[in-house]
Amino acid sequence: MKKLFLNNIYANTFRGVSKFLSAAQRKQAIKVLFLILGNGFVEVIGLAVILPLISMANNNSLIHTNKYLRGFYNFVGFKNEDQFLLFLIGVMVTVFIIKNVLGIVINYIQTKFSNGVAADLTKQQFKKYINYSYQFYKNTNSNLITRDVGTIPTEFSMGIILPMISLTSEAFVVILIGIGILTVDFKVFAIILAIFIPLLGYFYNKVKVKLAAYGEERSNTAPKTYKTIFEAIHGYVDVKLTNRENYFVQRCSKSIHRFYELLTKVYVLELFPVRIIEMASIGFIGTLFAYFIITGRDREELVSFLLLFTVAAYRIMPSANRIMTAILRIKNSSFILDILEKEDPYKVKGPSYNPDNISELSFNESIELENIGFKYPEKYDDVLTDFSLTIKKKSSIGLIGSSGSGKTTLVNIILRLIDDHTGEVKVDGKTLTSENIPAWRNLIGYVQQDSYLLDASLAENIAFGFPMEEIDMDKLNDSIKQARLEEFIEGLPKGVDTNVGEFGGKISGGQRQRIAIARALYKNPKLLIFDEATSSLDSKVESEILDTIQKLSDSGITIISIAHRISSLKFCDEIYELSKGKIIHKYTYAELVAKDQ
Ligand code: ADP
């Protein structure tokens, strides 16, 4: 029994929980605990006063027969029994007022505490997940990440922290009442324990595995629903053109129904203990009555016994119920601790870096890729094998090659989004390590084929990650000019303050890519990387953007550009053709054009 209730549930959860609390929160938890214990004392005093009061309602003799009451009566020196009774009534009313006022204070403090834990944990989870590897983000559905960061901390607070508090306070009250009853009548206490514990223990043992499974399944079902909704939103046009609205609605309906079905099951299971406790109590009282009737024993004894049992059960029953509900809820939420403990499965062993700690890194000579080898964990074949290349400062190089030849992987290695490769990446002879990653990234501007736009102003989209008040207007205007966005911005009602999120669909591909180029340039980069940045644009827009890139190249910025259209690489000094992760040819632009013809 001890193992079942204390070791398994409480100690394990307690150990698990304390890992996710800060030092300040642990202190707060102790404060909550003390208040709860204080309240437990007040509760028991209340009960200790009610019990004799009820017993003495029609018979004052208890004052003289009970040694505690007699002692107290004589110690204070009451004039008569009525005075003593009035005193006890006064104590009872005061105690109940204190208990309830204290109850409100405790409710407030514990709710504030558990909500604070949820808020802090959300921040912690976000911080943890934003530092997860690129591989993790490539391989994990965003709805699972949203669940782990956005909803798991709330579930931790509601499904573990609050039940833990409730379990502690109720267990304390039950123990105190138990001690109280023990001093009056050991039998009642023993009978209550003998009835409730085996029954509830049996019930718990029967349902615990199911409960844990329900909790885990529920937590996986919610992201499935969101996944379907997001897919239908993002794939709106395809949904319409394939007439598959109903399929998505059905899929959403299936997972959300399962979600609520699981909620219902757990809700009903949580209602069981109160029923079990009530039935067991009445069953016991009935049996006791029957025993007294059948054996013809003295009824007075029965009445005094029942009185004590009823008063004790009156307070112990709700406590036992709350303890059971708390245990069931913790079990149902036990998967949360596993999720919180989960680490990035793709994390490369080695020191993690701090993005705020930007050390010095000079880039005056070259970037050297030395014998790079890399394989994706899910793939058998190497993507890059013994790949070496030196990129001189101020040069512009192009990368071509069939799809899947490893160009983007190579760029991701240069960006340090992938760092679990063999070989080395050096800048001016200095190996890139976790310490100089932030400094290195500060030197790079990167433009992808589909750039992500924030639902924010144009200025915030260009100065990515900075709030409006921290944006350097000179740098912003420079990058707008270089990306040739001036004309576009002049035509917007609110200029750089225009929200591009609202306009998302109205912005053309060319404008979008210019915003992405301006974003890359806002950083004053020393290295610019374009990954198929112009491939989705028509030739007129592409040629305008290429002019922009040519100017950047002439101004001395080093450029690496991936493109499948040869014309997109005319500003390049050297063009490398990749095949199966190796360089198979090196061309000048003229050579490539000649070969193509
Ligand atoms: P390219 O840019 O030349 O088209 P990539 O570098 O994108 O080539 O891809 C090279 C190979 O690696 C391809 O076979 C591709 O399927 C595989 N690959 C790319 N990204 C991943 C990934 N995140 N996980 C597993 N395999 C990947």
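Order of listing sets the numbers, starting from 1, for every ligand and every atom in it. Just so it is clear, the structure is predicted and the values come from calculations on it, not from any experiment.
Looking at atom 18 (N) of ligand 1, its nearest protein heavy atom turns out to be Tyr376 CE1, 3.2 Å. Ranking the protein heavy atoms by distance from atom 6 (O) of ligand 1 puts Thr409 OG1, 2.4 Å first. For atom 8 (O) of ligand 1, the nearest protein heavy atom (residue, atom name, distance) is Gly406 N, 3.2 Å.
Considering every non-hydrogen atom in both Leu578 and Ser405, the closest pair reads O-CB, 3.6 Å. A pairwise comparison of heavy atoms in Tyr587 and Leu592 identifies CD1-CD1, 3.6 Å as the closest pair. The shortest heavy-atom contact between Lys407 and Ser402 is NZ-O, 3.2 Å.
For Lys379, a nitrogen or oxygen atom sits less than 3.5 Å from a nitrogen or oxygen atom of ligand 1, counting backbone and side chain alike. The shortest N or O to N or O distance between Thr408 and ligand 1 is below 3.5 Å. Residue Gly404 has at least one N or O atom closer than 3.5 Å to an N or O atom of ligand 1.
Taking the charged nitrogens against the carboxylate oxygens, Glu365 and Lys392 have no contact shorter than 4.0 Å, which rules out a salt bridge. With salt bridges taken as basic N to acidic carboxylate O contacts below 4.0 Å, none links Arg147 and Glu155.
Residue contacts with ligand 1 leave out Gly401, since none of its heavy atoms falls under 4.0 Å from the ligand.
Residue Lys394 qualifies as open at atom NZ: its count of foreign heavy atoms under 6.0 Å is 12 or below.
Under 4.0 angstrom from ligand 1, the non-hydrogen atoms of Glu378 all belong to its side chain.
Side-chain contact annotation: Thr242 with Tyr247, donor-acceptor N/O pair under 3.5 Å absent.
Short contacts between ligand 1 and Ser403, defined as distances under 4.0 Å to a heavy atom of the residue, involve ligand atoms 4 (O). Those atoms of ligand 1 that come under 4.0 Å of a heavy atom in Gln135, given as number and element, are 23 (N).
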